[in-house]
Amino acid sequence: MARAHSSLKTILRQNPNFLTQFRSLSTAKDGIDKPTNHQWKITEVAREVSRITRTKPRWEQSLLSDFPNFDFLNPDFFNEYLHTDTNAFLSLRLFQWLLNQNGFVPNSSSCNLLFDALVEANASNAAKWVLANVNFEPHSDSLESFVQCLCENGSIDDAIDVLRKMLGSNFCPSLVTWNSVLSGLLKVGRIDVLFELYGEMMEFGVVADEETVECLIRGFCSRGTPDKGYEILRQVIDNGLVPRNIAFNKLISAYCGNGYFFKVPDFLHMMIAKNLSPDEYTYQEVIHGLCKNRKNREALRVFSNLKERGYAPDIVMYSTMIDGLCKMKWFGEARKLWFEMIQKGFRPNEYTYNALIRGYCTIGDLKEAKRLHEEMCDRGYGRNTVSCNIMIAGFCQHGNIKEAFHMFNEMPKKGIAHDAITYNTLIQGLCAREKLTESTKLLGKLVEFGLQPTASSYISLVKKLCQVGQLDKAKVLWTEMHTRGMEPPDWTRDLIIAGLCQHGYVEEGMKWLDGMLNCLLRPQKRTLEMLIQCLSQANKFDDAFLLFILMSKMGYVPCTHICHYLAHKFGRQNAYQKEIQS
DNA sequence: GTAGGGTTAG
């Protein structure tokens with residue numbers, strides 16, 4: 001400000017007329033004051049229009065009258081305009097205005113300039129509009145930048161369209177463009193397309209670099225086939241290509257998810273050998289992977305080892321570890337870490353709070369859980385659906401439905417949104433207390449409020465309805481799950497068959513079993529046993545016998561009391577044994 | 001590029 005001020009003074013000293021000029025400039029109708037018979041020069045108009053578009057908000061209304069007799073349709077004008085100091089968006093606006101003047105046909109040079117400027121300004125949608133509405137052939141360089149720009153903005157489908165067109169006309173883009181498409185695909189999780197395009201890239205003879213390899217490895221990991229990622233990694237490393245840490249970290253994470261922890265040291269050694277040092281993400285993946293697989297003891301060991309070696313865990317690692325400990329009910333250890341963390345100067349964040357609150361809920365200390373939740377809210381982490389869900393689950397687990405509902409009702413008042421899990425948790429809590437009407441009502445509300453129900457929205461209800469013999473309702477809900485496009489877990493069919501058996505509908509139970517077998521689903525052992533028992537009680541020994549055979553063929557060993565029971569009925573135990581062996 | 005809530009019962 002001070003500098004602007006002093007420069008204004010300088011200007012005034014050097015040019016006493018400045019203020020009057022300035023005033024006339026800003027108060028003039030449009031700053032244009034030329035006789036109607038004036039012969040306009042294109043450069044002159046371009047410069048003027050550039051100024052006007054920059055300074056006058058609604059220039060469209062008066063541009064024609066500002067330059068009477070000037071031929072705006074002359075494509076050279078727009079071309080000239082683009083060479084003035086203006087920005088891409090203003091150019092686009094003028095361009096659209098020109099297109100609205102009948103008969104304007106831009107030349108290809110200005111189309112290219114405009115397109116490039118828009119891409120440069122990262123305005124992929126505007127560039128896309130130009131491409132779709134104007135007949136011109138962008139340069140291949142421009143198209144490549146366009147593809148990269150689309151990828152960065154997440155418009156991956158558009159990027160692929162353009163790429164396909166390029167490939168269709170037998171033009172192969174540069175490696176940079178290929179890489180940006182691959183990583184764009186990775187970002188939106190379209191792994192299959194990623195590999196498909198990589199195949200085409202190979203066909204065109206493009207040679208991959210570290211970035212390509214990174215995309216492939218991450219692709220294999222998120223597809224659940226880290227072995228292939230590992231294979232590629234070993235190949236390229238032998239050829240001297242070393243991808244960034246993230247490739248190793250994702251491999252570690254994927255192998256931890258598989259339970260193949262013994263691979264982890266391999267990766268760590270590879271990294272160190274290639275001068276990459278394992279970073280915070282690396283160790284996070286290890287600890288998180290171990291926790292996910294309930295190897296919490298291992299996780300804690302790694303965590304402590306790191307500390308002993310002088311590595312300072314960050315807040316994420318503390319949160320992950322505390323969460324893991326709470327989940328394995330090592331609540332004392334979790335609390336110890338909590339205080340250690342605070343002592344090291346970390347303030348718990350919403351993740352850490354949630355982990356410990358859930359810990360208090362699991363050990364049944366709801367008083368302390370509530371206190372911590374309040375503290376968390378006071379510290380500004382209050383607007384948080386997850387922590388409310390955890391509290392609601394805690395209340396439900398310990399039979400305090402009233403308090404659970406209170407929290408549920410308070411949420412919207414505090415501006416905290418309910419989500420499907422909030423409902424699911426309550427539905428489950430109500431089911432546990434056999435409050436099926438209320439629970440069903442909540443399921444209705446979940447849908448009514450536009451939330452997407454999930455399988456768990458239904459499962460606890462279906463289960464309880466089966467148990468109490470309201471099988472028609474259970475079946476209706478089960479069908480509803482299907483029509484809503486959710487694939488209920490296989491064992492929900494087991495639940496229904498069990499319910500049918502227990503309430504005297506063996507025949508129908510058999511039909512459901514048939515349905516399961518037709519879908520190649522494996523019924524549970526106890527489902528078959530229950531059916532056998534009910535069939536026998538109804539004197540349907542043929543069916544019971546068939547199921548007995550089926551059971552053995554499925555590799556289930558029928559429990560002895562079923563064997564004895566059937567054998568006794570038939571008095572032909574040896575025959576069964578032979579049948580099973582055949 | 002990181003961590004969180006629900007999902008048979010043993």
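Note on Asn384(A): a base of the nucleic acid sits closer than 4.0 angstrom, heavy atoms only. If you check every strand for non-hydrogen atoms under 4.0 Å, Ser319(A) touches a base. Contacts of Asn249(A) with the nucleic acid, taken as non-hydrogen atoms under 4.0 Å apart, include base atoms.
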Worksheet, complete the sentence: Letter by letter from the 5' end, nucleotides 5-10 of chain B scores (B base, S sugar-phosphate only, - none; protein heavy atoms under 4.0 Å) BBSBS-

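The neighbour count for Glu507(A) CD, taken as heavy atoms of other residues, nucleotides or ligands under 6.0 Å away, does not exceed 12. Annotation: Lys475(A), atom NZ; neighbour count of heavy atoms from other residues, nucleotides and ligands within 6.0 Å is above 12. More than 12 heavy atoms of other residues, nucleotides or ligands lie within 6.0 Å of NZ in Lys525(A), so this atom counts as buried by the packing criterion. No more than 12 heavy-atom neighbours from other residues, nucleotides or ligands sit within 6.0 angstrom of NZ on Lys441(A).
Asp279(A) places its CG atom 10 Å from the C1' atom of dT2(B), with the value rounded to the nearest Å. Spacing between atom CD of Gln284(A) and atom P of dG4(B) amounts to 11 Å, rounded to whole angstrom units. Per the geometry, CE belonging to Met376(A) stands 15 Å off P belonging to dG4(B), to the nearest Å. Atom CG of Leu290(A) is separated from atom C1' of dT2(B) by 16 Å (rounded to the nearest Å). We find that CG of Asp314(A) is positioned 13 Å from C1' of dG1(B), with the value rounded to whole Å. Across the protein-nucleic acid pair, Glu285(A) atom CD and dG1(B) atom C1' stand 8 Å apart, rounded to whole Å.
The side-chain contact (heavy atoms from CB on, under 4.5 Å) test with Phe395(A) singles out one residue from Leu366(A), Ile401(A), Ile390(A), and that residue is Leu366(A).
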N/O donor to acceptor pairs below 3.5 angstrom from side-chain atoms of residues 261-268 of chain A, sequence neighbours left out:
from: Asp266(A); atom 1: OD2; to: Tyr230(A); atom 2: OH; distance (Å): 3.2

List, one per line, each side-chain donor-acceptor pair under 3.5 Å for residues 420-427 of chain A, sequence neighbours excluded.
from: Thr422(A); atom 1: OG1; to: Asn389(A); atom 2: OD1; distance (Å): 2.8
from: Thr422(A); atom 1: OG1; to: Asp419(A); atom 2: N; distance (Å): 2.9
from: Thr422(A); atom 1: OG1; to: Asp419(A); atom 2: O; distance (Å): 3.2
from: Thr422(A); atom 1: OG1; to: Asp419(A); atom 2: OD1; distance (Å): 2.8
from: Asn424(A); atom 1: OD1; to: Ser457(A); atom 2: OG; distance (Å): 2.8
from: Asn424(A); atom 1: ND2; to: Thr454(A); atom 2: OG1; distance (Å): 3.0
from: Thr425(A); atom 1: OG1; to: Ile421(A); atom 2: O; distance (Å): 2.6

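For Arg218(A), taking side-chain heavy atoms from C-beta onward, the closest of the listed nucleotides dG4(B), dG1(B), dA3(B) is dG1(B).
Using a 4.0 Å cutoff on non-hydrogen atoms, the parts of residues 331-352 of chain A near DNA chain B are Asn349(A), Glu350(A), Tyr351(A), ordered by number. Taking every heavy atom of residues 176-197 of chain A and every atom of DNA chain B, no pair lies under 4.0 Å. Scanning residues 304-312 of chain A for heavy-atom distances under 4.0 Å to DNA chain B yields an empty list.
The backbone N or O of Glu211(A) lies less than 3.5 Å from no partner atom in the side chain of Asn179(A), so there is not a single donor-acceptor pair. Distance alone, capped at 3.5 Å, is enough to place a donor-acceptor pair between the Asp279(A) side chain and the Tyr281(A) backbone.
In this structure, CD in Gln467(A) is found 8.0 Å from CG in Leu495(A), a value given to the nearest 0.5 Å. Rounding to the nearest 0.5 Å places OH of Tyr505(A) at 7.0 Å from CG of Asp472(A).
Taking the six-membered ring for Trp and the full ring otherwise, the centers of Tyr283(A) and Phe303(A) sit at least 6.0 Å from each other.
Relative ring orientation between Trp338(A) and Tyr353(A) is described as perpendicular, the plane-to-plane angle rising above 60° on a 0-90° scale split at 30° and 60°.
The pair Glu448(A)-Lys445(A) does not meet the salt-bridge criterion, since no charged nitrogen lies less than 4.0 angstrom from a carboxylate oxygen.
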